[in-house]
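For reference, the structure discussed in these notes is given below.
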Amino acid sequence: MQAEILMIGTELLLGQINDTNATYMGQTLADHGINLFQKTTVGDNRDRIIGALNDALDRSDVVLCSGGLGPTEDDITRECVAQVAGVELEYHEEIFDNIVNMFARFNIPLTENNKKQAMVPKGSTIIDNPNGTAPGMMVETDRGLIFCMPGVPKELKPMLEDTIIPSIRKRFEIESVIHYRVLHVCGIGESRVDQIMGDLMTDLDNPKVGVLASPARVRIRISAKANSIDEANKLIDPVDAEIRSRFPNLVMGVDDETVEGVVNELLMDRGWSIAVVETTSGGSIGQLMTAHGAQTYLGGRIYPMESLDLGDPAKLAMDLAEKCIIELEPDCTLSVVSDPAAGITMATFFHPHGKEEWTMGRAGRNKDVQDRTAVLALEHVRRFLVETK
C-alpha cells in the first residue's frame, strides 16, 4: 500500500508558519513501514482541496490530512471530505458535549461556531482528541481511506501515533518497519562525501544510503526495511562500519548527537573546562555550548573586529586567550579570530599540553557563516580530542 499527506492551510502555502507537521508525519510513517508516495500542500480553497483529495485517492490507498478542522469559516476540510466521499455532514451531540466540557474546564467562553466542529461526514469513524476541541475522523470511500487530523502539533501527534498508524498497519497487514541511522560528517563538502562513498548510494538496496547536505555538516542516512528494529540494525551495522572506515575520525556523531554535545563529553572525560573567545562569529560557539547545557563551558568573550589590531592574527588569538584565562580560569581556551582582509578565520585551541591551530574557510558576519564557523571550530576541537585520547 502507499499513503499520501495532504497539508491544508493558506498559512502553510504562503510560508507564514513552518510546516513541522509534514516532516514529523513523513518520518513517523517511514518508521512504521508505511510507504509515503507524495506530499501536497493546498490553501483554504474548496475546489483545490477537493481536487487534491481526488488526485490523492487516484494514486494512493490512504490520504492523511492535517488542518482545516477548526470552527472558523475558512476551516472547510470536513465539508470537502464529505463531498469527495459522496455523503452529507451530520451533527454528533456527544462531540459537542465534549467541546462544552473542555471549554468549561478551562473557563473559556463557548461561541456558536464551535458547533461546526461537531459536524462530521456521515458514516465516518470519530477519532478522539483529548488535547483539543476538534476530533479527528476516518472516512472510508470506494477508492481508499481518508484520515483527518487537526493542524495543532500537540493534537496531531498522539492521534497519529496512538490511533491512525495502528489502524493502517492492521488494515493493510503491515509487519515490517523502516529504521534508519544518520551519521554526521563535518568539515568536508557533499561532493567530497559523494566521491568517497558514491558507490554505496548506487549499489545498495536494503539498506539504502543517502546524503543530505547543510551549511555546517553532511548527514549520511542509512535506512533499512526489516521485521523489527533489531533486524534493521543488523542490516545497518556493517554499512555503518564501512562508512566509518572510509571517513576515519570524521564521523562526528549519530542521529541526534551534536558537535557541541560530543565536545562536552570528550572534555568531561579528561576533566577539562573550556572558555571561548570569538570575533566575527558573534558568540555562535558560546550559544551552541550554552543551549546544550555543556557542563564544561565556563563562558567567553566576544570582541568586535573594529576594536582589534589584526597585524598578527596568531598573536591576537593568544593575547585574547590569555585575557580570558585570567578572567575565567579555564583549562582550555578556544580562540576564533577572523582576518577579513585575507578572507580567512583562524581557530586556536589552548590546552594543558600546548596549542593547536587551524585555518577555516572565509570570514564573514552573516548568520550562515557564523553558524558554519562555530560548528567547524568545535569539530576541529573534537578531532584533536579523539585523536589524542
Side-chain angles (χ1 to χ4, degrees), residues 23 26-27 180-204 207-223 236 238-264 266 276 278-289 291-292 313 317 334-349 356-388:
T23 300
Q27 292 172 343
Y180 60 88
R181 186 180 305 165
V182 178
L183 309 181
H184 301 280
V185 177
C186 300
I188 59 176
E190 182 182 13
S191 58
R192 179 60 176 154
V193 171
D194 180 75
Q195 184 181 42
I196 294 172
M197 50 161 279
D199 60 309
L200 299 179
M201 290 188 280
T202 57
D203 295 347
L204 296 180
K208 291 181 180 291
V209 178
V211 170
L212 180 62
S214 58
R217 72 196 70 193
V218 175
R219 287 172 283 175
I220 303 170
R221 178 182 170 121
I222 314 167
S223 58
I236 290 171
V239 179
D240 180 321
E242 175 63 24
I243 291 172
R244 289 174 187 270
S245 72
R246 299 189 188 192
F247 296 93
N249 290 332
L250 295 182
V251 175
M252 175 274 292
V254 178
D255 294 337
D256 295 329
E257 288 184 320
T258 62
V259 66
E260 59 270 21
V262 174
V263 167
N264 180 59
L266 291 169
V276 179
E278 301 185 62
T279 56
T280 56
S281 55
S284 295
I285 301 172
Q287 286 179 338
L288 289 177
M289 298 295 281
H292 178 73
L334 176 61
S335 186
V336 180
V337 175
S338 295
D339 184 350
I344 62 171
T345 297
M346 294 182 58
T348 308
F349 182 54
E356 315 300 320
E357 294 180 306
W358 308 288
T359 300
M360 309 182 305
R362 66 186 187 277
R365 291 186 172 127
N366 69 66
K367 187 69 165 56
D368 286 344
V369 174
Q370 289 179 333
D371 290 346
R372 183 175 184 274
T373 298
V375 170
L376 287 180
L378 288 171
E379 169 63 5
H380 281 297
V381 173
R382 184 199 69 81
R383 292 182 194 176
F384 167 76
L385 295 172
V386 168
E387 291 167 1
T388 57

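Here the structure is a predicted model, which means the values were calculated and not measured.
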Enter the distance from Arg383:CZ to Thr388:OG1 here, rounded to the nearest 0.5 Å.
13.5 Å

For residues Ala374 and Ser284, report the shortest heavy-atom separation together with the two atoms involved.
CB-CB, 3.7 Å

Please report the shortest heavy-atom distance between Glu257 and Met252, naming the atom on each side.
O-CE, 4.2 Å

Just verifying a value: how many Å separate Ile243 CD1 and Ile220 CD1, rounded to the nearest 0.5 Å?
5.0 Å

Of all residues at least two apart in sequence or in a different chain, which pass the salt bridge (Lys or Arg N to Asp or Glu O under 4.0 Å) check with Arg244?
Asp240

Please test Lys367 against Asp371 for salt bridge (charged side-chain N to carboxylate O under 4.0 Å, His left out), starting from the C-alpha separation and ending with a verdict.
CA-CA 6 Å; Lys367 187 69 165 56; Asp371 290 346; 2.9 Å; yes

So, does Ser223 use its side chain to make a donor-acceptor pair with the main chain of Tyr180 at under 3.5 Å?
no

Is there a side-chain contact between Leu212 and Val218 (heavy atoms, below 4.5 Å)?
no

Please enumerate all residues that pass side-chain contact (heavy atoms from CB on, under 4.5 Å) together with Arg246, with sequence neighbours excluded.
Ile196, Met197, Asp199, Leu200, Glu242

Quick check: closest heavy atoms across Val336 and Ser281, and the distance to 0.1 Å?
CG1-OG, 4.4 Å

Could you tell me whether Asp203 atom CG has more than 12 heavy atoms of other residues or ligands within 6.0 Å of it?
yes

Enter the distance from Arg372:CZ to Met360:CE here, rounded to the nearest 0.5 Å.
8.5 Å

Looking only at heavy atoms, what is the nearest atom pair of Ala377 and Ile285, with distance?
CB-CD1, 4.0 Å

Could you tell me if the side chain of Val209 sits less than 4.5 Å from the side chain of Arg221, heavy atoms only?
no

Is the closest side-chain heavy-atom distance between Met201 and Val211 below 4.5 Å?
yes

The side-chain hydrogen bond (donor to acceptor under 3.5 Å, both in side chains) partners of Glu387 (sequence neighbours excluded) come to none

Spacing of Leu183 atom CG and Asp255 atom CG [to the nearest 0.5 Å]
8.0 Å

Is any side-chain heavy atom of Leu288 closer than 4.5 Å to a side-chain heavy atom of Leu378?
yes

Between Val375 and Arg217, does a side-chain contact (heavy atoms from CB on, under 4.5 Å) hold up when you go through it step by step?
CA-CA 8 Å; Val375 170; Arg217 72 196 70 193; 3.7 Å; yes

pair Glu278-Val276: side-chain heavy atoms closer than 4.5 Å:
yes

The test is side-chain hydrogen bond (donor to acceptor under 3.5 Å, both in side chains); show your working for Thr373 and Gln370 and say whether it passes.
CA-CA 5 Å; Thr373 298; Gln370 289 179 333; over 6 Å; no

Less than 4.5 Å apart, side chain to side chain, heavy atoms only: is that true for Arg382 and Leu266?
yes

With rounding to the nearest 0.5 angstrom, report the NZ to CD1 distance, Lys208 to Ile236.
13.0 Å

For Glu357, side-chain contact (heavy atoms from CB on, under 4.5 Å) partners two or more places apart:
Ala314, Met346, Thr348, Lys355

Going by side-chain hydrogen bond (donor to acceptor under 3.5 Å, both in side chains), name the residues that satisfy it together with Thr202, two or more places apart in sequence or in a different chain.
none

Which heavy-atom pair separates Cys186 from Glu379 by the least distance, and what is that distance?
CB-CG, 3.7 Å

Just jot down the side-chain contact (heavy atoms from CB on, under 4.5 Å) partners of Asn264, sequence neighbours excluded, or say none.
Met268, His292, Ala294, Gln295, Thr296

What's the shortest heavy-atom distance between Thr345 and Ser338, and which atoms?
OG1-OG, 2.9 Å

Any idea how Trp358 and Phe349 line up, ring-wise: parallel (<30°), tilted (30 to 60°), or perpendicular (>60°)?
parallel

